[in-house]
Amino acid sequence: MVSKRIADIPASGTVSLSNLVSSLRRDGADIVSFSMGEPDFETPRNVVDACIDSLNSGFTHYTPSAGIPELRKAVADKSRRDNGIPCEARNVLVTPCKHAIYMTAMAYLDPGDEVILPDPSWVSYEACIRAAGARPVFIPTSFDEGFVLDPRRIEEAITPRTRMIFLNSPSNPTGGVLPGDVLKAVAEIAAEHDLTVMSDEIYENIIYEGSHASIASLPGMFDRTVTISGLSKTYAMTGWRLGWAIAPEEGIAALDKLQSHSISCCVSFTQPAAVEALSGQQGDRDRMVRKFKDRRDLAMDLIEDAGLLMCNRPQGAFYLFPKYDLDMSSEKLSERLLREAHVAVTPGSAFGPSGEGFFRISYAVGEDQIREGFDRIHRFLRGL
Ligand code: PMP
């Protein structure tokens with residue numbers, strides 16, 4: 001009954017793994033889960049209170065489809081100030097980050113178009129590109145090069161059908177941050193070949209070394225970039241489903257059209273709380289980032305001490321992407337780790353062909369869980 005286009009798209013590997021973990025836990029299994037990209041912290045109190053206030057004041061009806069003006073302005077102000085993106089409120093559409101990516105694919109791509117994206121990269125890009133009838137063109141990146149995208153390989157992959165380049169920095173799954181010279185080279189390629197860039201910056205604030213740069217801040221790039229980000233990771237607000245897209249007005253009009261025909265608007269009473277998240281105190285956010293850094297350091301120490309896995313030191317996000325030395329697919333290894341060692345990790349192959357031979361660990365869990373999880377992984381590997 002379903003269309004071929006959708007039937008051919010695999011279900012989200014990360015979400016189905018998390019469903020399996022939930023069902024094993026319901027059956028009483030003690031699972032350490034490194035599978036979900038979700039902070040374990042609570043949403044900051046000032047944000048929760050702002051939401052309760054808006055509910056109590058009866059702010060419970062439809063909002064404008066692109067979001068309440070105060071939130072569009074707060075996003076634009078933050079993006080001009082922190083990211084150097086030359087945008088105004090009219091360039092902002094409020095929508096869950098994931099929906100922003102899906103709608104960008106729908107709004108900017110025609111069937112047969114090609115989209116260049118790094119391999120490995122986040123699981124849903126390929127699905128969104130395919131749902132739009134377009135074709136993903138993966139650019140392999142390697143462990144030895146720290147998974148940094150090589151602009152020369154982008155240039156070689158361009159054909160008359162290429163329409164977009166997808167970027168994600170800091171990266172899920174590798175935790176890598178794109179260096180400024182690579183962003184600049186990608187911007188030059190986009191301008192030369194008249195391509196649009198979708199820059200997914202959802203981990204922009206979770207960065208430990210170096211700094212975050214938005215490609216839309218580079219000269220001339222605002223006009224050809226859709227910048228996507230949101231509150232989920234920075235403010236531990238995954239369940240609030242709030243993010244945004246920033247684009248030239250023509251792009252925002254197209255996304256707004258899709259939004260108005262799909263979800264109408266985001267939930268109303270969360271939007272004033274999002275204004276509070278962006279404009280209120282940032283102490284909780286900064287504390288969470290410091291905690292993530294401690295956890296990264298702990299996890300890297302555990303890996304290095306055991307000497308069984310190889311791993312680049314991630315500069316951002318909350319993922320490790322270790323390489324293992326076994327004649328076993330990453331899917332098989334992940335399945336065995338879950339069933340035999342009771343640790344949930346995500347197989348590297350879920351993120352593209354270059355992810356084979358790796359698995360992803362989300363260290364957005366407590367330090368006890370990190371110690372216990374690595375203990376189980378190392379014991380399992382030693383026992384093989
Ligand atoms: N982009 C990346 C790279 C992600 O890791 C995620 C969440 N796992 C998203 C987008 C989606 O974010 P949200 O849950 O805010 O829609």
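Computed from heavy atoms alone, side chains included, the values below leave out hydrogens, waters and symmetry copies. Just follow the structure's listing: the first ligand is 1, and inside any ligand the first atom is 1. In this text, all values refer to a predicted model and were calculated from it rather than measured experimentally.
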Residue pair Glu276 / Tyr235, side-chain donor-acceptor N/O under 3.5 Å
no
Any chance the side chains of Tyr203 and Asn168 put a donor and an acceptor closer than 3.5 Å?
no
Distance from Leu337 atom CG to Phe359 atom CZ, nearest 0.5 Å?
6.0 Å
I'd like to know whether Ser362 forms a side chain to side chain donor-acceptor pair (under 3.5 Å) with Glu38, so could you lay out the CA-CA distance, the side-chain angles of the two residues, the decisive distance to 0.1 Å, and finally the verdict.
CA-CA 8 Å; Ser362 163; Glu38 168 158 73; over 6 Å; no
The salt bridge (Lys or Arg N to Asp or Glu O under 4.0 Å) partner of Glu114 among Arg135, Arg161, Arg163 is Arg135
Write none if no such pair exists; otherwise list each N/O atom of ligand 1 with its protein N/O partner under 3.5 Å and the distance.
unit_1   : atom_1 : unit_2 : atom_2 : d
ligand 1 : 1 (N)  : Asp200 : OD2    : 2.6
ligand 1 : 5 (O)  : Asn172 : ND2    : 2.8
ligand 1 : 5 (O)  : Tyr203 : OH     : 2.7
ligand 1 : 8 (N)  : Lys233 : NZ     : 2.9
ligand 1 : 14 (O) : Arg241 : NH1    : 2.9
ligand 1 : 14 (O) : Arg241 : NH2    : 3.4
ligand 1 : 15 (O) : Ser232 : OG     : 2.6
ligand 1 : 16 (O) : Lys98  : N      : 2.9
ligand 1 : 16 (O) : Arg241 : NH2    : 2.8

Note: Glu156-Arg152 ion pair, threshold 4.0 Å (strictly below)
no
